[in-house]
Amino acid sequence: MRTLLDASVALVNALTDGQARGRHYLAPEGAERVGAVRAALSAGADLGPDEADRLADTARALRAVFEAAAADRLDDAARVLNTLLLETGARPQLDRAPGEPWQVHFHGADDSYAIGWSAGCATGLAMALGGDYAGRLGLCGAPRCDRVYVDTSRNAGRQFCSTACQNRVKAATFRARHTTTPT
């Protein structure tokens with residue numbers, strides 16, 4: 001499940017417009033989108049533009065899930081996930097590559113790369129939403145950043161998408177405390 005949650009975060013953060021680390025972020029298109037998907041999933045050598053576009057659509061749906069969950073609108077998040085699960089035909093099955101251990105996948109052998117990852121990510125987030133991680137899907141708390149994360153910390157205290165955003169907020173707080181106002 002952790003792999004699917006990490007993939008969901010990576011796809012949303014790479015393939016959706018918004019703000020990242022204090023700057024406006026435009027999701028890549030065309031060949032750059034293909035490269036962004038490959039980087040986000042650490043795979044996909046045979047990935048083409050149509051598959052990357054499909055995964056960008058999935059990323060936008062997954063963003064809606066993170067936004068709804070972060071705002072404690074779990075019914076809205078569930079509706080989006082149920083639609084995505086239905087569209088992808090997500091179904092669990094055990095697969096094994098030669099010399100590898102069995103792994104649970106959520107797509108059929110004849111499904112495309114994009115459908116497979118879309119089904120897997122939707123299933124991972126559905127398991128999180130229906131389990132102990134429902135309150136751990138979040139949006140970065142730093143100003144001018146809307147990247148997503150899954151809080152896997154022990155104390156469920158994560159507030160930022162990255163150490164960079166956490167450090168930006170800490171530095172701004174420090175500067176504000178130590179700035180003297182002229183009289």
Side-chain angles (χ1 to χ4, degrees), residues 1-71 76-77 80-81 83-90 95 97 103 105-126 128-129 136-152 158-169 171:
M1 186 167 98
R2 179 80 184 259
T3 300
L4 295 173
L5 294 175
D6 290 345
S8 298
V9 167
L11 287 172
V12 170
N13 288 342
L15 301 177
T16 62
D17 294 341
Q19 297 182 353
R21 297 186 177 106
R23 295 190 171 99
H24 188 65
Y25 179 80
L26 286 176
E29 296 184 9
E32 290 179 3
R33 178 178 285 165
V34 172
V37 170
R38 285 182 181 147
L41 300 178
S42 301
D46 58 346
L47 179 75
D50 291 340
E51 300 255 299
D53 291 345
R54 169 70 170 131
L55 285 165
D57 291 341
T58 296
R60 286 187 285 278
L62 296 177
R63 172 171 281 289
V65 171
F66 277 94
E67 290 172 349
D76 294 339
V80 172
L81 280 174
T83 299
L84 192 54
L85 289 166
L86 185 62
E87 288 174 355
T88 62
D95 291 326
Q103 295 179 337
H105 290 145
F106 298 94
H107 59 87
D110 58 344
D111 287 340
S112 70
Y113 184 83
I115 293 295
W117 273 107
S118 296
C121 289
T123 302
L125 283 176
L129 202 63
R136 292 176 174 240
L137 305 179
L139 297 175
C140 187
R144 297 178 320 277
C145 188
D146 65 359
R147 302 295 88 185
V148 303
Y149 62 87
V150 176
D151 183 357
T152 57
R158 186 169 173 181
Q159 299 175 22
F160 305 103
C161 68
S162 65
T163 304
C165 277
Q166 181 179 6
N167 290 342
R168 264 190 327 112
V169 169

To check you understand the geometry: which heavy-atom pair defines the closest contact between [X] and [Y], and what is its length?
X: A128; Y: L137; result: CB-CD2, 4.5 Å
X: R33; Y: A52; result: CD-O, 3.6 Å
X: V12; Y: A59; result: CG2-O, 3.6 Å
X: A14; Y: A40; result: CB-CB, 4.5 Å
X: F160; Y: C140; result: CA-SG, 3.8 Å
X: L129; Y: A77; result: CD2-CB, 3.8 Å

Is there a donor-acceptor pair closer than 3.5 Å between any side-chain N or O of [X] and the backbone N or O of [Y]?
X: N13; Y: V148; answer: yes
X: R168; Y: P143; answer: yes
X: R144; Y: R23; answer: no
X: Y149; Y: R136; answer: no
X: D151; Y: R158; answer: yes
X: R38; Y: L47; answer: yes

Can you tell if the side chain of [X] reaches within under 4.5 Å of the side chain of [Y], non-hydrogen atoms only?
X: Q103; Y: D95; answer: no
X: L84; Y: T88; answer: yes
X: L62; Y: C121; answer: yes
X: W117; Y: T58; answer: no
X: R63; Y: L11; answer: no
X: Y113; Y: E51; answer: yes

**Asked** Taking it one step at a time, do L125 and L4 satisfy side chain to side chain contact (heavy atoms under 4.5 Å, CB included)?
**Response** CA-CA 8 Å; L125 283 176; L4 295 173; over 6 Å; no
I need the [X] [atom1] to [Y] [atom2] distance, nearest 0.5 Å.
X: L15; Y: L55; atom1: CG; atom2: CG; value: 7.5 Å
X: T3; Y: L41; atom1: OG1; atom2: CG; value: 11.0 Å
X: M1; Y: D6; atom1: CE; atom2: CG; value: 10.5 Å
X: D146; Y: T16; atom1: CG; atom2: OG1; value: 6.5 Å

**Prompt:** side-chain contact (heavy atoms from CB on, under 4.5 Å) with D57: which residues, sequence neighbours excluded?
**Reply:** R60
**Item:** R147/S162 under side chain to side chain contact (heavy atoms under 4.5 Å, CB included): CA gap, chis, key distance, verdict
**Value:** CA-CA 9 Å; R147 302 295 88 185; S162 65; over 6 Å; no
**Message:** So that I can tick it off, tell me whether R54 and D50 are bridged by a salt bridge, with the cut-off set at under 4.0 angstrom between side-chain N and carboxylate O.
**Reply:**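 Here D50 does not pair with R54 in a salt bridge, since their nearest N and O are not under 4.0 Å apart.
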**Asked** Got a sec, which residues hit side-chain hydrogen bond (donor to acceptor under 3.5 Å, both in side chains) with D17, two or more places apart in sequence or on another chain?
**Response** none
